[in-house]
Amino acid sequence: MKSAAITAFAVTDPGLKRSNNEDACAVYPDQGCAAVADGVGGAAAGEVASRLFISSVARYINQMQDWSEGACVAAIKEIFSTANEMILHHIGIHPECHGMSCTAELLLVSSGGFVVGHVGDSRSYRFRNKSLTRLTSDHTFVQQQLDKGELTAEEARKHRYRNLITRAVGNDEVLDVDIIRGRTRPGDLFLLCSDGLTDMVREEEITVCLGRDGDLPEKTAQLVAMANRAGGRDNITVALVGVA
């Protein structure tokens, strides 16, 4: 099975408050692939972690021959595992980088279906028939409280610990990756993004933006601009993937 025909575009922006950009992204339209990573660690070199994840994607994706659902799931697990090992190895030889890790989203689209790998509080969405569906659940302390019914959605959005993540690539020797899979339809639009977008722009506003006329570069630029207009407190990364 071959990868699906897709269009894809990604952009990363430092935002208005950060002097460096710890996010990284990549799209591979010919391979039906998009990836976003958000570095964690600040002075501990979070940008190294995010770039190691993207390099793991690049290393594997160009060798793929089978795009069946099972092969896509296996590929995602291998890519995340390899990135996890690369980050831990880097920390081992650079002790000053202790504490670095990254959140990550990885999308593979094959003929008729998709598979998403997810770790952390970056997110993946599907936009279909003017409706936005979040495919992933944040690996954060606040999401845990939200799931238990101890916080409302609005309280969670403003909570002081909303960015306290509970799972990241490079934190532990054994990495648990969420795998989300489903069918695609012509016209589906997938959004992968770092929390620099979703912390600043509500999902209702994202829905309106994605529903407007315009190509993928225009829509990614609009989303980044919306996050910056709202304050741009973090690095902002947006990847859009359209199913032909």
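Treat the numbers as computed from the prediction; the structure is a model and nothing was measured.
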Legend entry - Modelled atom types, side-chain donor and acceptor of Ser68 and Asp66, under 3.5 Å: yes
Legend entry - Residues in side-chain contact (heavy atoms from CB on, under 4.5 Å) contact with Thr207, at least two apart in sequence or another chain: Phe127, Leu132
Legend entry - Distance-only donor-acceptor check, side chains Asn62 and Gln31, under 3.5 Å: yes
Legend entry - 4.5 Å side-chain heavy-atom contact, Asp23 and Val36: no
Legend entry - Residue pair Thr198 / Tyr125, side-chain heavy-atom distance below 4.5 Å: yes
Legend entry - side chain to side chain donor-acceptor pair (under 3.5 Å) pairs, two or more places apart, involving residues 212-228: Asp13-Asn228
Legend entry - Any residue meeting side chain to side chain donor-acceptor pair (under 3.5 Å) with Arg18, in chain and number order, not counting sequence neighbours: Asp234
Legend entry - All side chain to side chain donor-acceptor pair (under 3.5 Å) counterparts of Arg134, not counting sequence neighbours: Glu203
Legend entry - From Asp38 atom CG to Ser50 atom OG, the distance as rounded to the nearest 0.5 Å: 7.5 Å
Inset, instruction - Return each pair, listed once, that meets ring-ring contact (aromatic ring centres under 6.0 Å, His included) where at least one residue sits in residues 214-244; pairs must be two or more places apart or across chains. - result: none
Legend entry - Residue list, side-chain contact (heavy atoms from CB on, under 4.5 Å) with Ala35, at least two apart or on another chain: Phe53, Ile54, Val57, Leu106
Legend entry - Residues in side-chain contact (heavy atoms from CB on, under 4.5 Å) contact with Ala227, at least two apart in sequence or another chain: Leu197, Met200, Val201, Ile236
Legend entry - side chain to side chain donor-acceptor pair (under 3.5 Å): pairs with one or both residues in residues 173-191, sequence neighbours excluded: Glu69-Arg181, Arg128-Asp188, His139-Asp178, Arg167-Asp178
Inset, instruction - Can you sort out the partners of Phe114 under ring pair (Phe, Tyr, Trp, His ring centres under 6.0 Å), two or more places apart, ordered by chain and number? - result: Phe190
Legend entry - Contact check, side chains of Ile87 and Val48, non-hydrogen atoms, under 4.5 Å: no
Legend entry - Residues in side chain to side chain donor-acceptor pair (under 3.5 Å) contact with Thr103, at least two apart in sequence or another chain: Ser122
Inset, instruction - Only counting residues at least two apart or in another chain, list the ones meeting ring pair (Phe, Tyr, Trp, His ring centres under 6.0 Å) with His89. - result: none
Legend entry - With sequence neighbours excluded, residues passing side chain to side chain donor-acceptor pair (under 3.5 Å) with Asn235: none
